[in-house]
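Reviewing the structure listed below.
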Amino acid sequence: MHSSNKNSSRRDFLKMSSLAGTAMVLPIDVFANSKLRENIEIGLITDVHQDVMHDGEERLQVFIDEASKRNPDFIVQMGDFCRPYEYNKPFLNIWDSFKGDKYHILGNHDMDGGFSRDQVRVFWNMPANYYSFDKKGMHFIVLDGNDPNPKPFSGYNRYIGEQQKEWLTNDLKKTNLPTIIFSHQTIEYEDGGVANLKEVQRILENANKEAGFQKVLCCLSGHHHTDFMTQINDIYYVQINSASYQWVGGDYKRIRYSKEIDEKYEWIKYTIPYKESLFTFMTIKNDKIIIEAKKTEFVGPGPEEMGMPEDHPHCPTVPKISGFKMKI
């Protein structure tokens, strides 16, 4: 997917991912001003790509079935979900069948086909492009990384504009609660992430300095279809893997299901699909945040068997979500 330096191989990454089981320390009692008295559980799924996958409904249904059984405090789909076509209503109905609280995040591909953000938002019954809410002594912020690109940025919109940055700054000032940020595009990795992510990082870091405690704990994103976690200035950044696949492009295209599926779903051949749907549940406790591990297999040959170049260490092609733990 990306070029990498010669010292970073896929096998090296798998060794590095042992960090997933390590508690990562945040230095201050961030819940000192919080009303958190019981655990918060959140279901997370991202990048289902109903308009690419032949089995998008099945992948979403497995997640909703598990969420309905576990009854978390809320669930979030983190973008690249479905376009606002009438024939996607059954897919959306699966999402809406969850009886608890549920939240949407706009992905860049949700507007493919010439749709506007407002059209997608109305189709999903989403209250706003970006917004925030509180739950059990925690504050949660949903960002929209699809503001129009100013020059010199090109391609898919991947920007957070002045109005949204001002809103984010003010929203963080208004809360004294520990905060988690959700976005589709990562605000950690520049190659394909939010183009002005450094500006957004400064807003988050300034909010922590002004608060005098670790107000912003971590930022979660999808978009890259990968499994990665890092820390920048005491804030953790986690990329949640796609429910469906990794994109590999024309050089490695291959029919992995049947000719009939390939004819009807023309973009699957450009992917390495995951055998089972990937999703996770995140639990916030007084002393730690846990992202549950989930692992599956590739459908057909994986990147090594296909002779693909080594991954960038920030974007490994792996059919899993690691069991990340953050001690707080």
Side-chain angles (χ1 to χ4, degrees), residues 20-21 35-50 52-82 88-105 107 110 123-127 133-140 142 180 182 184 217-218 220-222 225-227 229 238-245 273-299 318-326 328:
K35 297 178 181 179
L36 187 69
R37 292 292 181 268
E38 53 186 316
N39 297 347
I40 302 174
E41 186 179 39
I42 305 165
L44 299 173
I45 191 168
T46 188
D47 296 87
V48 182
H49 285 277
Q50 163 68 3
V52 173
M53 297 301 295
H54 69 294
D55 59 355
E57 290 185 10
E58 289 84 352
R59 290 175 187 269
L60 181 61
Q61 186 69 65
V62 171
F63 170 68
I64 294 299
D65 288 347
E66 181 68 15
S68 297
K69 181 172 68 175
R70 294 176 60 146
N71 193 27
D73 292 283
F74 62 90
I75 61 174
V76 183
Q77 71 81 10
M78 299 173 64
D80 286 358
F81 191 56
C82 73
N88 279 336
K89 277 288 182 67
F91 176 81
L92 190 61
N93 289 341
I94 294 171
W95 174 262
D96 288 337
S97 70
F98 180 69
K99 302 303 182 184
D101 292 342
K102 44 195 173 285
Y103 299 94
H104 290 289
I105 301 172
D110 295 312
F123 185 74
W124 291 354
N125 194 28
M126 184 180 180
F133 58 96
D134 294 343
K135 182 74 68 173
K136 289 185 176 178
M138 288 285 298
H139 189 62
F140 298 92
V142 170
I180 287 177
F182 294 110
H184 176 67
L217 303 181
C218 66
L220 298 110
S221 63
H225 297 218
T226 193
D227 178 73
M229 179 180 183
V238 183
Q239 294 184 36
I240 303 297
N241 208 340
S242 165
S244 299
Y245 66 80
Y274 305 146
K275 185 176 180 180
E276 299 168 307
S277 179
L278 283 180
F279 52 83
T280 189
F281 290 84
M282 180 172 72
T283 302
I284 304 168
K285 302 183 177 183
N286 271 310
D287 62 340
K288 65 177 72 73
I289 299 174
I290 300 169
I291 294 177
E292 295 179 16
K294 189 172 179 63
K295 186 176 182 180
T296 183
E297 301 173 352
F298 294 119
V299 175
V318 288
K320 69 173 186 175
I321 294 173
S322 292
F324 296 118
K325 298 179 182 179
M326 293 164 277
I328 54 178

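None of the values given here were measured: they were computed from a predicted structure. Counting from 1, the numbers follow the sequence of the chain as shown.
In this structure a side-chain-to-backbone donor-acceptor pair under 3.5 Å is present from D110 to C82. Listed for the D227 side chain is a donor-acceptor partner under 3.5 Å among the backbone atoms of S322. No side-chain donor-acceptor contact under 3.5 Å links T226 to the backbone of N241. Not a single donor-acceptor pair under 3.5 Å links the side chain of N71 to the backbone N or O of S68. In terms of modelled atom types and a separation under 3.5 Å, the side chain of K102 and the main chain of G100 share a donor-acceptor contact.
E276 meets the salt bridge (Lys or Arg N to Asp or Glu O under 4.0 Å) test with no other residue; sequence neighbours excluded. A search for side-chain contact (heavy atoms from CB on, under 4.5 Å) contacts involving K89 returns E86, F123, not counting sequence neighbours. With sequence neighbours excluded, the residues satisfying ring-ring contact (aromatic ring centres under 6.0 Å, His included) with H225 are H49, Y245. Residues forming a ring-ring contact (aromatic ring centres under 6.0 Å, His included) with Y103 (at least two apart in sequence, or on another chain): F74, F133. Scanning for salt bridge (Lys or Arg N to Asp or Glu O under 4.0 Å) contacts around E41 gives R70, with sequence neighbours left out. P319 meets the side-chain contact (heavy atoms from CB on, under 4.5 Å) test with Y274, T296, F298; sequence neighbours excluded. Applying the side-chain hydrogen bond (donor to acceptor under 3.5 Å, both in side chains) criterion to W124, with sequence neighbours excluded, gives no partner residue. Scored by the side-chain contact (heavy atoms from CB on, under 4.5 Å) test, E58 finds D55 as partners (sequence neighbours excluded). Residues meeting the ring-ring contact (aromatic ring centres under 6.0 Å, His included) test with H139, sequence neighbours left out: none. D65 pairs by the side-chain hydrogen bond (donor to acceptor under 3.5 Å, both in side chains) definition with Q61, not counting sequence neighbours. Every side-chain contact (heavy atoms from CB on, under 4.5 Å) that V299 has, sequence neighbours left out, goes to R256, Y257, P273, K275.
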>> side-chain contact (heavy atoms from CB on, under 4.5 Å) for I75 and I42? Distances and angles first, verdict last.
In response: CA-CA 5 Å; I75 61 174; I42 305 165; over 6 Å; no

>> As a quick check of understanding, evaluate side-chain hydrogen bond (donor to acceptor under 3.5 Å, both in side chains) for T283 and N39, giving each step before the final call.
In response: CA-CA 7 Å; T283 302; N39 297 347; over 6 Å; no

>> I'd like to know whether K294 forms a side-chain contact (heavy atoms from CB on, under 4.5 Å) with K320, so could you lay out the CA-CA distance, the side-chain angles of the two residues, the decisive distance to 0.1 Å, and finally the verdict.
In response: CA-CA 6 Å; K294 189 172 179 63; K320 69 173 186 175; over 6 Å; no

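Annotation: side chain of F91 is in contact with side chain of V48 (closest heavy-atom distance under 4.5 Å). Contact check for V62 versus F279: side-chain heavy atoms found under the 4.5 Å cut-off. The side-chain heavy atoms of S97 and W95, taken from C-beta on, include no pair separated by under 4.5 Å. Residues T46 and F81 are not in side-chain contact: their nearest non-hydrogen atoms beyond the backbone lie 4.5 Å or more apart. Residues H104 and Q77 are in side-chain contact: their nearest non-hydrogen atoms beyond the backbone lie under 4.5 Å apart. Using a 4.5 Å heavy-atom threshold, the side chains of F140 and D134 count as separate. Residues I45 and M78 have side chains not in contact (no heavy-atom distance under 4.5 Å, counting atoms from C-beta outward). Looking only at side-chain heavy atoms (C-beta outward), H184 and S221 stay at 4.5 Å or farther from each other.
Between E292 atom CD and L44 atom CG the span is 10.0 Å, to the nearest 0.5 Å. Rounding to the nearest 0.5 Å gives a distance of 7.0 Å between SG of C218 and CD1 of I284. The line from CE of M282 to CD1 of I290 is 11.0 Å long, rounded to the nearest 0.5 Å. Atom CG of L220 and atom CE of M229 lie 9.0 Å apart (nearest 0.5 Å). The CD1 atom of I40 sits 9.0 Å away from the CD1 atom of I289 when rounded to the nearest 0.5 Å. Taken from CG in L92 to CD in Q50, the straight-line distance is 10.0 Å, to the nearest 0.5 Å.
When every heavy atom of I328 is checked against every heavy atom of K288, the shortest pair comes out as CG1-N, 3.4 Å. The two residues I105 and F182 make their nearest non-hydrogen contact at CD1-CB, 3.4 Å. Here the closest heavy-atom approach between residue S244 and residue D47 is recorded as OG-O, 3.8 Å. Closest of all the heavy-atom pairs between A293 and G323 is CB-N, 3.5 Å. Residues F98 and P72 come closest through the heavy atom pair CZ-CD, 4.0 Å.
The stretch residues 90-101 participates, sequence neighbours left out, in these salt bridge (Lys or Arg N to Asp or Glu O under 4.0 Å) pairs: D101-K135.
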